[in-house]
Amino acid sequence: MSQQVPLAKPDLGKLEEQYLIEVIRSNQLSFGPMLHAFEKHFTKRFQIPYALAMNSGTSALHVAVKALGLKQGDEVITTPYSFVASANCLIYEQVKPLFVDINPENLNIDIDQIEAMITPKTRAILAVHIFGQPCNMREIMRIAKKYNLYVIEDACEAIGATWEGQLAGTFGDIGVFAFYPNKQITTGEGGILITKHKHIYELGNSYRNQGRSISNEWLLHERVGYNYRMSDLQAAVGVAQMERLDEILAKRNQAAKRYIQLIEELRVPVSLPKVAKEAYMSWFVFVVLLHEKVSQTRVIKKLSACGIQSKPYFPAIHLQPSYKSLFQYKQGQFPHCEAAATRTLAIPFFNSITEEEQRYVLQSLKEAIKTEGIS
Ligand SMILES: *Cc1c(COP(=O)(O)O)cnc(C)c1O
């Protein structure tokens with residue numbers, strides 16, 4: 001009870017304040033130089049020609065689907081083990097998600113099951129780099145090429161992660177990142193789409209701004225678009241966070257490595273998702289796998305009584321009431337995803353977490369598991 005350890009905590013400081021004040025004093029709160037600077041950070045860091053910042057990761061995913069022209073009757077292969085937004089962006093356009101079960105070791109889509117799912121209606125693969133570990137993008141790109149499919153990378157949890165040294169988000173036709181407060185970097189709310197294709201950039205730019213004409217003629221709307229714009233106030237925080245990205249990723253890497261060591265040292269009876277040797281992980285959350293006989297709900301309650309916040313990450317998308325009612329999914333259809341959903345637990349993880357806090361979390365977790373009576 002002595003301590004309070006939250007699940008996540010944003011890391012905002014003087015630089016964020018300074019840029020925010022700059023925007024406030026500039027009177028340019030939308031489509032100003034700060035938004036441009038934020039996008040520039042992405043094109044530079046990812047060595048990619050185009051970036052479109054938006055008001056959420058979900059908006060950026062939706063624009064990705066629109067810009068690729070995906071529509072009713074099309075199918076897109078994706079994972080049921082994710083934040084619901086990665087499938088919702090398809091539903092918005094009446095595109096059918098074709099869920100493929102996950103690899104139980106790394107919790108990403110099971111590459112070996114993808115090809116068998118492809119039908120003549122399949123148009124794209126939407127790969128999610130779960131918890132910051134990239135999917136095997138080499139294989140996904142090979143399959144996409146063979147079947148002539150688009151690739152969207154939901155890299156919302158994976159900024160800075162690499163597969164065989166290449167940055168997640170730069171393999172496919174479109175990569176998307178998100179900046180909700182629990183993400184590696186935040187703008188309060190926000191997202192960004194990156195692409196190497198000029199036509200996707202132009203269409204995406206139009207869709208995020210009410211379908212404005214590509215020539216940007218004043219109030220000429222060529223298509224029905226959205227207001228998915230990011231304000232310069234958000235971008236100001238984003239620019240500061242991007243300038244600090246390497247520092248932030250290093251801190252998270254350090255904290256994650258410390259958790260891994262401490263789990264061993266304290267003999268906490270949990271296992272960890274495996275990181276492939278080709279993958280460099282960008283740590284989004286820290287997730288442990290409980291023994292299958294341990295109750296996730298009871299462990300969360302017990303940790304909460306110790307002032308420690310923890311959450312089940314992620315529940316299976318196909319078993320969400322919204323998806324069950326749309327597609328009549330049933331328990332048992334994606335067994336690895338369902339097993340992971342009942343076993344994975346996110347424990348407190350943020351840039352400034354101290355070793356003392358981590359020890360406290362793990363000791364409390366060990367204690368909570370012990371009272372379950374299985375280890
Ligand atoms: C955070 C996240 C998103 C986007 O979420 P927003 O809250 O809309 O920014 C999309 N997909 C995944 C996998 C995410 O974790």
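FYI, the numbering just counts along the sequence from 1. All values derive from a computational prediction rather than experimental measurement. Order of listing sets the numbers, starting from 1, for every ligand and every atom in it.
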Separation of Glu75 CD from Ile125 CD1 (nearest 0.5 Å): 12.5 Å

Between OH on residue Tyr329 and NE2 on residue His318, distance to nearest 0.5 Å: 8.5 Å

So if I count the atoms of ligand 1 from 1 in the order they appear, which ones are less than 4.0 Å from some heavy atom of [X]?
| X | answer |
| --- | --- |
| Ser82 | 13 (C) |
| Ala178 | 4 (C), 9 (O) |
| Cys156 | 2 (C), 3 (C), 4 (C), 10 (C), 11 (N), 12 (C), 14 (C) |

Any heavy-atom pair between the side chains of [Y] and [X] that's under 4.5 Å?
| X | Y | result |
| --- | --- | --- |
| Tyr323 | Asn88 | yes |
| Asn108 | Ile102 | no |
| Phe171 | Ile140 | no |

Looking only at N/O atoms, are [X] and ligand 1 under 3.5 Å apart anywhere?
| X | answer |
| --- | --- |
| Gly57 | yes |
| Glu157 | yes |
| Tyr180 | no |

Students should be able to answer this: which protein heavy-atom is nearest to [atom], and at what distance?
| atom | value |
| --- | --- |
| atom 8 (O) of ligand 1 | Thr58 OG1, 2.4 Å |
| atom 11 (N) of ligand 1 | Asp154 OD2, 2.7 Å |
| atom 1 (C) of ligand 1 | Lys183 NZ, 1.4 Å |

What's the verdict on side chain to side chain donor-acceptor pair (under 3.5 Å) for Tyr147 and Glu115, showing C-alpha distance, side-chain angles and the deciding distance? CA-CA 9 Å; Tyr147 295 91; Glu115 282 194 74; 2.6 Å; yes

Which heavy atom in Leu107 sits nearest to a heavy atom in Ala340, and how many Å separate them?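 That would be CD2-CB, 3.9 Å.
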
